[in-house]
Every structure is written in structure tokens, then in C-alpha cells.
Amino acid sequence: MARQMGMTGRIGNVVHYKMGDKFYTRSLPRKYKQTKGTKAKSSEFGMASTIAMLIRQNLEEVIFDSTDRKMQTLLVGEIYTWLQNARQEPASNENQPKLNRFFFSGSPGISSRWRVDYEVSKPASGQIQIAIPSFIPKVAFKSPAGASAIICKIASVVIDIENKRELGSAKNEISYALDQNRVPLQKIIQDLLTPAGSLLVTAMCLEYIVNRYQRAVPTKDKLFKPSQIIYSVYN
């Protein structure tokens, strides 16, 4: 903004005006026209933000801090990158999401705290199966001092990509006493329809229960609060 003498009005992209008893000059802001490419990227970013929000909302049970801004930004970025390759294309091996092992928390992953080879699969149409092999909790879990139990939480969501809406969700919770008693093989079935054009995301967390002042409470140690996506598929 510059001072000038006694002139008001607009010449080109320069505006002359009076404020009080003084005259000023300023340039109009430039207008930028979006190309088809920038419009498409803007649309995909908005879609990625909405899909990430739906994932966080439906998997909140397994996310220790769903308000973590850094985690939110990273999740949107992962989905945005995937959408550029997958959007408006039929599902194939070449355009599957790479969300497996996305950590919702900054702590180490599930595998560094639980030494079992669980598997997630789709044994039948409309079903998701999480198979957990037999194990001994005291041996399989790496635990913080004072831990007495572990709660394993599993949550899944199916999202309609183009319409940006949830199609279904499921949650399961298993408690393990931290002892030497062998746990038998477990197969958890979630009934979820996954129509064409949908994204399925399954996540897991481990919540360690510790004894504090004669009370059993969840640990606050972030190194023992693993939470991550363990399975994702574009249908």
C-alpha cells in the first residue's frame, strides 16, 4: 500500500482510494486459474481426507490417540498417494493400498510386542477372518514391568471410495492373562460385505494392563501401546 495525491478509482489492476483524509494505492490480488490436473489433485486430496476421517472414526477403538495431528497427516498422505493410482480403476494387484503396517502410534509395531504369526484373510464372500495360532502369553508377549494382562482389540471398516461413506464395520476384543497357560488356536470371523469399489481396512492394538497401587490400569508407557493397520484391500 502506497500513499498518493488526490486520486480515486481503478486503473488496470491498481486501485486508488481514499481512507480518512489520505489517499492510497494498492494492487489487486492475482487470480489463478486451476488446470484440470490441479482440480483433480484437489479433489483427490479432499477424498483422501474424508476417507482417512472415516477410518479414524470407525477404528477409534484401536487408536490410542485419534487426535494426533501428525498421525492424521501421514494417514491422509498414504491414502492420497494410493488414490492417484487406484481411483476410477477396477481393483487389481497393481493398485492395492500399501496401508499394512501403518502405525497409529509412534511406538513399535504389534510384531515387536507379540511374537505370533496371526493371519488376516477372506475365507468366504462377506467374511474377514483373523487367525491367531496357539501360544503361551508369558512367552509370546514382550511386556512392561508390572503387567498382568493384555487386551487385544481388532476393528475393521469397509468404505465406499467414490461416495465416501462407511458400508460396514466390526469390532472384537480378546483378553489374555499374562501367564504360562497355553492359549488354543483362535479364529475370529467378522461379517463384512466388500462390494466392488470398496476399501477394507483392519487394525489391531495391544493394551497392556499393569498393577499400580493395587489397581489394574492400562499402561501409560507409549513403548507398550502398539496400534497399527494389519490388513487393507481394495475390492
Side-chain angles (χ1 to χ4, degrees), residues 54-68 71 74-75 78 97 99-124 126-159 166 168-192 194 199-212 215-233:
L54 289 171
I55 290 174
R56 295 196 313 273
Q57 288 176 345
N58 286 277
L59 303 185
E60 192 170 15
E61 290 291 324
V62 303
I63 303 175
F64 290 105
D65 183 9
S66 61
T67 64
D68 182 346
M71 176 272 292
L74 290 173
L75 182 59
E78 290 283 350
L99 294 174
N100 290 13
R101 296 184 60 78
F102 177 87
F103 294 175
F104 288 111
S105 58
S107 63
I110 300 288
S111 61
S112 68
R113 296 292 179 247
W114 191 15
R115 302 182 189 94
V116 297
D117 295 323
Y118 57 82
E119 292 184 356
V120 188
S121 61
K122 297 173 67 176
Q127 285 190 338
I128 309 302
Q129 175 180 281
I130 301 95
I132 302 173
S134 176
F135 68 97
I136 299 173
K138 194 72 173 179
V139 175
F141 286 109
K142 184 176 182 181
S143 309
S148 59
I150 296 95
I151 300 173
C152 173
K153 299 179 181 181
I154 302 167
S156 297
V157 62
V158 180
I159 298 170
E166 174 215 334
S169 63
K171 299 178 179 68
N172 297 89
E173 185 174 302
I174 316 166
S175 295
Y176 299 110
L178 195 58
D179 55 28
Q180 296 285 355
N181 297 321
R182 179 171 288 277
V183 176
L185 167 71
Q186 296 168 289
K187 290 185 178 180
I188 300 162
I189 300 292
Q190 296 179 338
D191 294 315
L192 288 169
T194 53
L199 172 68
L200 165 67
V201 178
T202 299
M204 177 189 289
C205 80
L206 299 179
E207 185 172 61
Y208 284 86
I209 305 301
V210 296
N211 296 314
R212 291 286 184 270
R215 292 179 57 203
V217 296
T219 183
K220 293 183 178 180
D221 188 343
K222 292 184 178 180
L223 291 177
F224 290 93
K225 300 182 80 169
S227 170
Q228 70 178 77
I229 293 174
I230 60 173
Y231 185 74
S232 62
V233 63

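- Looking at heavy atoms from C-beta onward, Asn181 lies out of side-chain contact with Pro137 at the 4.5 angstrom threshold.
- Of all non-hydrogen atoms in Ile150 and Ser143, the two that sit nearest each other are CD1-OG, 4.3 Å.
- In this structure, the side chain of Ser105 engages the main chain of Lys225 through a donor-acceptor pair within 3.5 Å.
- The CG atom of Leu200 sits 6.5 Å away from the OG1 atom of Thr194 when rounded to the nearest 0.5 Å.
- By the 4.5 Å heavy-atom criterion applied to side chains, Gln180 and Val139 are counted as neighbours.
- The line from OG of Ser66 to CD of Glu60 is 4.0 Å long, rounded to the nearest 0.5 Å.
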Between Phe104 and Cys205, does the side chain to side chain contact (heavy atoms under 4.5 Å, CB included) criterion hold? Intermediate values first, please. CA-CA 9 Å; Phe104 288 111; Cys205 80; over 6 Å; no
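- Between Ser134 and Arg182, the side chains place a donor N or O and an acceptor N or O closer than 3.5 Å (distance only, hydrogens not considered).
- Panel note: side chain Ser169, backbone Ser156; no donor-acceptor pair is recorded below 3.5 Å.
- Using a 4.5 Å heavy-atom threshold, the side chains of Ile130 and Glu119 count as separate.
- Taking a 6.0 Å sphere around CG of Asp117, one finds it holds 12 or fewer heavy atoms contributed by other residues, nucleotides or ligands.
- Counting all heavy atoms, side chain and backbone alike, Phe103 lies closest to Pro108 at CE1-C, 4.3 Å.
- Between the side chain of Arg113 and the backbone N or O of Leu223 there is at least one donor-acceptor pair closer than 3.5 Å.
- Atoms NZ and CG, on Lys153 and Leu59 in that order, are 13.0 Å from each other to the nearest 0.5 Å.
- Contact detail for Ser227 and Ile63: the closest heavy-atom pair is OG-CA, 3.8 Å.
- Here the OH atom belonging to Tyr208 is positioned 8.0 Å from the CG atom belonging to Leu178, to the nearest 0.5 angstrom.
- Nearest heavy-atom pair across Ala203 and Val62 is CB-CG2, 3.7 Å.
- In this structure a side-chain-to-backbone donor-acceptor pair under 3.5 Å is missing from Gln127 to Ile189.
- The two residues Lys142 and Phe224 make their nearest non-hydrogen contact at O-CE2, 3.4 Å.
- Using a 4.5 Å cut-off on side-chain heavy atoms (C-beta onward), Ile174 and Asn172 make no contact.
- Atom CZ of Arg115 and atom CD1 of Ile136 lie 13.0 Å apart (nearest 0.5 Å).
- Side-chain contact between Tyr231 and Lys122: present, with at least one pair of heavy atoms (C-beta onward) separated by less than 4.5 Å.
- Between Val183 and Ile132, every side-chain heavy-atom pair lies at or beyond the 4.5 Å cut-off.
- When all heavy atoms of Ile209 and Ala216 are compared, the closest pair comes out as CG2-CB, 3.7 Å.
- For the atom pair OH of Tyr176 and CG of Leu206, the computed distance is 9.0 Å after rounding to the nearest 0.5 Å.
- Residues Leu54 and Val157 fail the side-chain proximity criterion, which asks for heavy atoms closer than 4.5 Å.
- In this structure the side chain of Val210 reaches within 4.5 angstrom of the side chain of Val217, judged on heavy atoms.
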Can you check side chain to side chain contact (heavy atoms under 4.5 Å, CB included) on Val201 and Phe102, steps first, answer last? CA-CA 11 Å; Val201 178; Phe102 177 87; over 6 Å; no
